[in-house]
Undergrad: 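Submitted below is the structure of interest, expressed as structure tokens.
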Amino acid sequence: MAGEGAPTWEEVARSHGRFLYTVAYRLTGNREDAQDLVQEVLLRVRRGLQTYQPGSMEGWLSRIATNAFLDDVRRKRRRPEELLPEDPDWVLPPSGAADAVLATEVLPDDVQDALRALPADFRAAVVLCDVVGLSYQEIGQSLAIPVGTVRSRIHRGRALLRTALAVT
């Protein structure tokens, strides 16, 4: 049963859509994949609202987004992606609100490229820490890893970012 004060799916989508898009964009590194990830997250939210316990909505959504992203990375490793034909019915128009938010929060291309080049596990930890602002404990809960591993991934991810950005 949903906890008292649990929002509806529509409230989550309306109130946190921009936040989800920003997190998704930082994880995926491009608009199309970010839009796909947001759709997957919203589907998971629809299924999971029954068990949502009021608390940090952004933490809960970040956990769902990160898990969906990592699931997709693992799936692509197992099964290379087949390209779909260019069909307008398969393409969704970009969200104006998300694009407006992205325009105000765009990272320079070299930083976004360096972030995109990080291994998925490091990227997820760095994004959850430096973009979303979760604590190490919240990141550990989101990724189902110990806090020490969170620290290590963030440290190594930031070191890789510094190295990549020093070269460019």
Undergrad: Test Ile64 against every option in Leu43, Val45, Leu42, Val23 by the side chain to side chain contact (heavy atoms under 4.5 Å, CB included) rule and name the one that passes.
TA: Val45
Undergrad: For the pair Asp72 (side chain) and Ala68 (backbone), establish whether a donor and an acceptor sit closer than 3.5 Å, ignoring hydrogens and angles.
TA: no
Undergrad: Taking atom CG of Leu134 and atom CZ of Arg63, what is their separation to the nearest 0.5 Å?
TA: 9.0 Å
Undergrad: What pairs with Glu58 under side-chain hydrogen bond (donor to acceptor under 3.5 Å, both in side chains), at least two apart in sequence or on another chain?
TA: none
Undergrad: Determine whether Phe69 and Asp33 satisfy the following criterion, side-chain contact (heavy atoms from CB on, under 4.5 Å), listing intermediate values before the conclusion.
TA: CA-CA 10 Å; Phe69 167 72; Asp33 289 344; over 6 Å; no
Undergrad: Can you list the residues that meet the salt bridge (Lys or Arg N to Asp or Glu O under 4.0 Å) rule with Asp71, with sequence neighbours excluded?
TA: Arg44, Arg74
Undergrad: Taking only residues two or more places apart in sequence, or in another chain, which ones meet Arg46 in a side-chain hydrogen bond (donor to acceptor under 3.5 Å, both in side chains)?
TA: none
Undergrad: Can you give me every donor-acceptor pair (side chain of residues 138-148, partner residue at least two apart or in another chain, under 3.5 Å) with its distance?
TA:
| from | atom 1 | to | atom 2 | distance (Å) |
| --- | --- | --- | --- | --- |
| Glu138 | OE1 | Ser135 | N | 2.8 |
| Glu138 | OE1 | Ser135 | OG | 3.3 |
| Ser142 | OG | Glu138 | O | 3.0 |

Undergrad: Looking at Cys129 and Arg158, what are the two nearest heavy atoms and their distance?
TA: SG-NH2, 3.3 Å
Undergrad: Roughly how far, to the nearest 0.5 Å, is the CG atom of Leu37 from the CG atom of Leu27?
TA: 6.5 Å
Undergrad: Quick one: do Thr163 and Leu160 satisfy side-chain contact (heavy atoms from CB on, under 4.5 Å)? Show the steps, please.
TA: CA-CA 5 Å; Thr163 300; Leu160 289 170; 5.6 Å; no
Undergrad: Going by the side-chain hydrogen bond (donor to acceptor under 3.5 Å, both in side chains) test, which pairs reach into residues 116-129, not counting sequence neighbours?
TA: Asp113-Arg116
Undergrad: Listed by chain and number, what are the side chain to side chain contact (heavy atoms under 4.5 Å, CB included) partners of Ala114, not counting sequence neighbours?
TA: Leu161, Ala164, Leu165
Undergrad: Could you go through residues 10-17 and list every donor-acceptor pair under 3.5 Å that involves a side-chain atom there, pairing it with any protein atom two or more places apart or in another chain?
TA:
| from | atom 1 | to | atom 2 | distance (Å) |
| --- | --- | --- | --- | --- |
| Glu11 | OE1 | Thr8 | N | 2.8 |
| Ser15 | OG | Glu11 | O | 2.9 |

Undergrad: Among all residues two or more places apart in sequence or in another chain, which pass the side chain to side chain contact (heavy atoms under 4.5 Å, CB included) test with Ala34?
TA: Tyr21, Ala24, Tyr25, Thr28
